[in-house]
K.L.:
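Let me begin by handing over the structure; questions about it come next.
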Amino acid sequence: MGIQGLLPTLKSIMHPRHAQEYAGKRAAIDTYSWLHKAVLSCSRDLCHGRHNDKYIDYCMRRVQMLRYYGVQPVLVFDGGSLPMKSDQEIKRARSRKENLERALEYERLGNHSAAYECYQRAVDITPAIAFRLIQVLRQENVQYVVAPYEADAQLVFLALNRHVDFVITEDSDLIVYGCPQIFFKMDKHGQGVGFQISDITANKDIDLSDFTKQMILEMCIMSGCDYLPSLPGIGVKRSHGLIKRFRTYQKALKHLEAKGVLIDPQYEQGFHRAILTFRHHRVYDPVKKEMVHLTGVPSELDTNLDFLGPHLPQTTATAIARGEVDPTTFESFQDFSSSGRLVADSNATVQNGVSNKKVGFSAKKNLPAINSSRTHQHHRSGSRPCFQLSDLKAALVSFLISWGLVCILLACNPQVESLV
DNA sequence: GGCTAGTACTCAA
DNA sequence: GTACTAGCC
């Protein structure tokens, strides 16, 4: 759900941007935010378990648009859900079920437009739906990675470690996770609004000039987030005022208690957990090819981190990241059966790092989730490997081929022109 | 003024 | 996931 009311309070530092302004850069994409809209055009079929490519077309058009403007996309998918979010998941599942029942009823009564609306609310973005898109990404040589848990944390990991230059999303949580550069609300033409953490000191609505990263995090959690509901009557403005005055959430809570506000004893512990969840979320490191924390866990931290979700063995984490196994069931994804429906083979599971023979997607098996050689090329940190001459040649050849293709397409296909 | 809760919206023929 | 807004404190 993100942080309610956060984006409007940061309006003064949100600037209209176009995808072409990010030419030459690499973007990590919150694919869920695309899929969420993309499935609307074919929700009825998806609710009935029938395949419909429209949502794939939606995503691929955006991929092509970004590539056209010189932006290299890396699509990031959500993985398993966290125990802390299970209540929310149950509520959403119940709401989808109710909407599906309503849709079927409206359809029986012949009210197709009402049924259609309910189908849109009933459609669930399953790992199988994501997997269909991943198959196309593989064919089109588009880089992707499936996060072990929340995509948000994975997106920020890629940005903080310079695997990408910025993130494309609709979700305000990216700011809470500390993402340095975000492109919000990008439409099909490539228009959206840009956000840079370095501008935060210039914000007008709420003064964040002396706020540290930690204070922004605490302000956001206090105003209510996915991992902790806010105290009654506390939104962004009041939590900002409290953190500005008291600097830490502990002191702010003490002040509220002194004023007679009743605070559940569990609340402070929940606050601490929420902080740790944002800071140390489990993500996949495409270079180390293993699960790591978004930011390193200090050795003195003796808290049990089980609420971050279990640590998965390297083979499992890699199979998930590559989209070879379902991140929620660990079952292997199989190709489509003759009926055109996606089936997961229940006999092919990865458990405790011991992979069954069947695990692994047969086609283009050796294509990594994020091609590590490419990833290395784009490293700008101290650990950046040497840039090889063969890489330069390959890059030059692929650049010339790409531009040749663009020119041919422009000459033959008026649809490409419409992207401009 | 700020928060809450409700509604509407995202696609695209 | 978002934005907008009526109604409440």
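Below, read A as the first sequence line, B as the second, and so on, with proteins coming before strands; counting in each chain starts at 1. The figures that follow rest on heavy atoms only: side chains count, while hydrogens, waters and symmetry mates do not. Remember, it's a predicted structure, so these values are computed and weren't measured experimentally.
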K.L.:
Would you classify A:Tyr58 as touching base, sugar-phosphate or nothing, given that sugar-phosphate means primed atoms plus P, OP1 and OP2, and contacts are heavy atoms under 4.0 Å?
P.N.:
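It contacts sugar-phosphate atoms only.
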K.L.:
Would you mind building the protein contact string for nucleotides 2-8 of chain B? One character per nucleotide, 5' to 3', B for base within reach (heavy atoms under 4.0 Å), S for sugar-phosphate only, - for untouched.
P.N.:
SSS----
K.L.:
Identify whether any heavy atom of A:Ser43 sits under 4.0 Å from a base atom; if not, whether one sits that close to sugar-phosphate; answer base, sugar-phosphate or nothing.
P.N.:
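If one applies the 4.0 Å heavy-atom cut-off, A:Ser43 turns out to touch nothing in the nucleic acid.
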K.L.:
Decide if atom CG of A:Leu262 counts as having more than 12 heavy atoms of other residues, nucleotides or ligands within a radius under 6.0 Å.
P.N.:
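No, CG of A:Leu262 has 12 or fewer neighbouring heavy atoms, counting only those of other groups under 6.0 Å.
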K.L.:
So if I take every side-chain heavy atom of A:Arg62 and compare against B:dC11, B:dT10, C:dT2, which nucleotide ends up nearest?
P.N.:
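The answer is B:dC11, which lies nearest to the side chain.
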K.L.:
Classify the ring geometry between A:Tyr267 and A:Phe271 as parallel (under 30°), tilted (30 to 60°) or perpendicular (over 60°).
P.N.:
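Perpendicular: the ring planes of A:Tyr267 and A:Phe271 meet at over 60°.
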K.L.:
Would you say a side-chain N or O of A:Arg61 is under 4.0 Å from OP1 or OP2 of B:dC11?
P.N.:
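For B:dC11, neither OP1 nor OP2 has a side-chain N or O of A:Arg61 closer than 4.0 Å.
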K.L.:
Quick check for you: among C:dG1, C:dA3, B:dA12, whose closest atom lies nearest to any side-chain atom of A:Ser41?
P.N.:
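Of the options given, the side chain of A:Ser41 lies nearest B:dA12.
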K.L.:
Taking side chain to side chain contact (heavy atoms under 4.5 Å, CB included) as the criterion, tell me which of A:Val325, A:Asp326, A:Thr328 meets it with A:Ile320.
P.N.:
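Of the listed residues A:Val325, A:Asp326, A:Thr328, the side chain to side chain contact (heavy atoms under 4.5 Å, CB included) partner of A:Ile320 is A:Val325.
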K.L.:
Measure the distance from CG on A:Asp53 to P on B:dA13 and round it to the nearest whole Å.
P.N.:
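Taking atom P of B:dA13 as the reference, CG of A:Asp53 is at 14 Å.
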K.L.:
For C:dA3, does either OP1 or OP2 sit under 4.0 Å from a side-chain N or O belonging to A:Lys185?
P.N.:
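True: A:Lys185 side-chain N/O within range (under 4.0 Å) of C:dA3 OP1/OP2.
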K.L.:
Under a 4.5 Å cut-off applied to non-hydrogen side-chain atoms, are A:Ile206 and A:Met219 in contact?
P.N.:
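Answer yes - side chains close enough.
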K.L.:
Restricting to salt bridge (charged side-chain N to carboxylate O under 4.0 Å, His left out), what partner residues turn up for A:Asp207, sequence neighbours left out?
P.N.:
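Checked A:Asp207 against salt bridge (charged side-chain N to carboxylate O under 4.0 Å, His left out); matches are A:Lys244.
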K.L.:
Which nucleotide, B:dA12, B:dC11, C:dG1, lies nearest any side-chain atom of A:Gln120?
P.N.:
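Nucleotide nearest to A:Gln120's side chain: B:dC11.
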K.L.:
Can we say A:Glu89 and A:Lys85 salt-bridge, meaning some charged N sits less than 4.0 Å from an Asp/Glu carboxylate O?
P.N.:
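Judged by the 4.0 Å cut-off on N to carboxylate O distance, A:Glu89 and A:Lys85 do not form a salt bridge.
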K.L.:
Hey, does A:Arg92 reach any base, or is it just sugar-phosphate, or nothing, if we go heavy atoms under 4.0 Å?
P.N.:
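Sugar-phosphate, backbone atoms only, no base.
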K.L.:
B:dA12, C:dG1, B:dC11: which one has an atom nearest the side-chain heavy atoms of A:Lys85?
P.N.:
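Given the options B:dA12, C:dG1, B:dC11, the side chain of A:Lys85 is closest to C:dG1.
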K.L.:
According to a strict under-4.0 Å criterion, is A:Ser172 in side-chain N/O contact with OP1 or OP2 of C:dT2?
P.N.:
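It does, given that an N or O in the side chain of A:Ser172 lies less than 4.0 Å from OP1 or OP2 of C:dT2.
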